[in-house]
Amino acid sequence: MTPDLFESVAPPLPGEAAAEPLAEGAVVLRGFALPAEAALLDGLQRVVAQAPLRRMVTPGGFTMSVAMTNCGALGWVSDRRGYRYAPRDPGSALPWPAMPQAFARLAVAAAARAGFPGFAPDACLVNRYEPGARLTLHQDRNERDFGAPIVSVSLGLPAVFLFGGRERSERPRRIPLAHGDVVVWGGPARLRHHGVMPVKSGDHPLLGGCRVNLTFRRAA
DNA sequence: AAGTACCC
DNA sequence: ACAG
């Protein structure tokens, strides 16, 4: 039996989901996070207990619809002064919670599976989308260098991910994402615009009426 | 512009 | 469409 034929018949092993190409340097790993589901939810609970979710304000003075917190050495924050990475939670002046081991392990494994070995994330942004919450098309460009990929883990309610181009004017692709899906983009795709359509109301067995996204980056 | 407003 |  050839390796090709075997792969086509065998069920995917845990953590070895098929890589669905999105663009050069970008893939969707369907269900990749499912084997770590319980550990991820446990880590999420601990992070949110220590650094509460809050809706940040953009430089333009608007309150974001997505509630955010962070874990790891650095956290992404926004206020009237701008977007940046900070070592402490502005709400408590305490360092962000440590990145749970299950988070880091999953992010590193997903990056490697997507063709980015050696990913060493120092920042994990936790985004909570209640019904109607969205992110307009944007680029991740507050990191010091763009050599490392972005790893995005979807949990809870489904959502439509927008994946655009380097130019904001390029019409984005619409990618449905479900609980457990992981999107990775880097290399030539690192600076592509992306966003999330308004999340529809629903009820997820584990997360209830919300979507949670974990975004892993190398910020410094 | 990680946002909202307004027009069709 | 719109500005910082």
Side-chain angles (χ1 to χ4, degrees), chain A residues 22-23 25-26 28 44 47-48 51-91 96-97 99 103 107 121-146 148-177 181-186 189-200 207 210-220:
Chain A
L22 233 185
V28 182
L44 177 62
V47 167
V48 171
L53 291 156
R54 86 299 304 260
R55 290 168 65 189
M56 301 192 197
V57 175
T58 65
F62 300 106
T63 300
M64 299 176 73
S65 57
V66 177
M68 301 175 163
T69 188
N70 293 274
C71 59
L74 293 169
W76 186 89
V77 295
S78 176
D79 58 26
R80 276 147 238 160
R81 298 172 43 202
Y83 312 131
R84 64 193 171 277
Y85 283 92
R88 290 171 179 272
D89 181 347
W96 298 105
M99 195 183 299
F103 283 27
D122 57 10
C124 172
L125 174 61
V126 179
N127 287 166
R128 184 195 61 195
Y129 298 73
E130 290 185 318
R134 62 173 299 188
L135 280 184
T136 57
L137 219 51
H138 67 279
Q139 289 172 303
D140 289 9
R141 44 180 310 165
N142 297 109
E143 300 74 27
R144 183 203 262 152
D145 75 74
F146 304 134
I150 308 291
V151 174
S152 172
V153 178
S154 293
L155 298 170
L157 292 181
V160 177
F161 182 62
L162 302 171
F163 195 73
R166 175 93 186 226
E167 302 290 321
R168 201 184 194 271
S169 56
E170 297 179 46
R171 187 205 305 217
R173 287 184 56 183
R174 294 165 165 258
I175 315 294
L177 294 179
D181 290 349
V182 179
V183 184
V184 182
W185 66 99
R190 177 61 178 75
L191 288 174
R192 290 179 72 136
H193 285 76
H194 53 281
V196 178
M197 292 284 285
V199 168
K200 293 182 184 177
L207 281 157
C210 72
R211 169 176 192 262
V212 171
N213 179 264
L214 309 175
T215 307
F216 298 89
R217 304 184 181 88
R218 157 63 47 167

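Note that the structure is predicted; figures quoted are calculated from it, not measured. Just so it is clear: chains get the letters A, B, ... in the order the sequence lines come, proteins before strands, and each one is counted from 1.
- With a 3.5 Å ceiling on both atom-pair distances, C:dG4 lacks any Watson-Crick or G-U wobble partner.
- For the P atom pair drawn from B:dG3 and B:dC7, the interatomic distance equals 22 Å after rounding to whole Å.
- Each of A:V48, A:V47, A:T69 was checked for a side-chain contact (heavy atoms from CB on, under 4.5 Å) with A:P97, and the lone residue meeting it is A:V47.
- A donor-acceptor distance shorter than 3.5 angstrom exists from the side chain of A:R55 to the backbone of A:M64, with no hydrogens or angles considered.
- Spacing of P atoms, B:dC8 relative to B:dT4, comes out at 22 Å, to the nearest Å.
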Protein-to-nucleotide contact annotation, 5' to 3' order, nucleotides 2-8 of chain B [B base; S sugar-phosphate only; - none; under 4.0 Å, heavy atom]: BBB----

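- Legend: side-chain hydrogen bond (donor to acceptor under 3.5 Å, both in side chains) pairs involving residues 153-177 of chain A, not counting sequence neighbours, sorted by first then second residue: A:S154-A:R211.
- In this structure, A:F163 and A:W185 have perpendicular ring planes: the angle between them is above 60°, well past the 30° mark.
- The aromatic rings of A:F216 and A:F103 sit perpendicular to each other, their planes meeting at more than 60°, with 30° as the lower class boundary.
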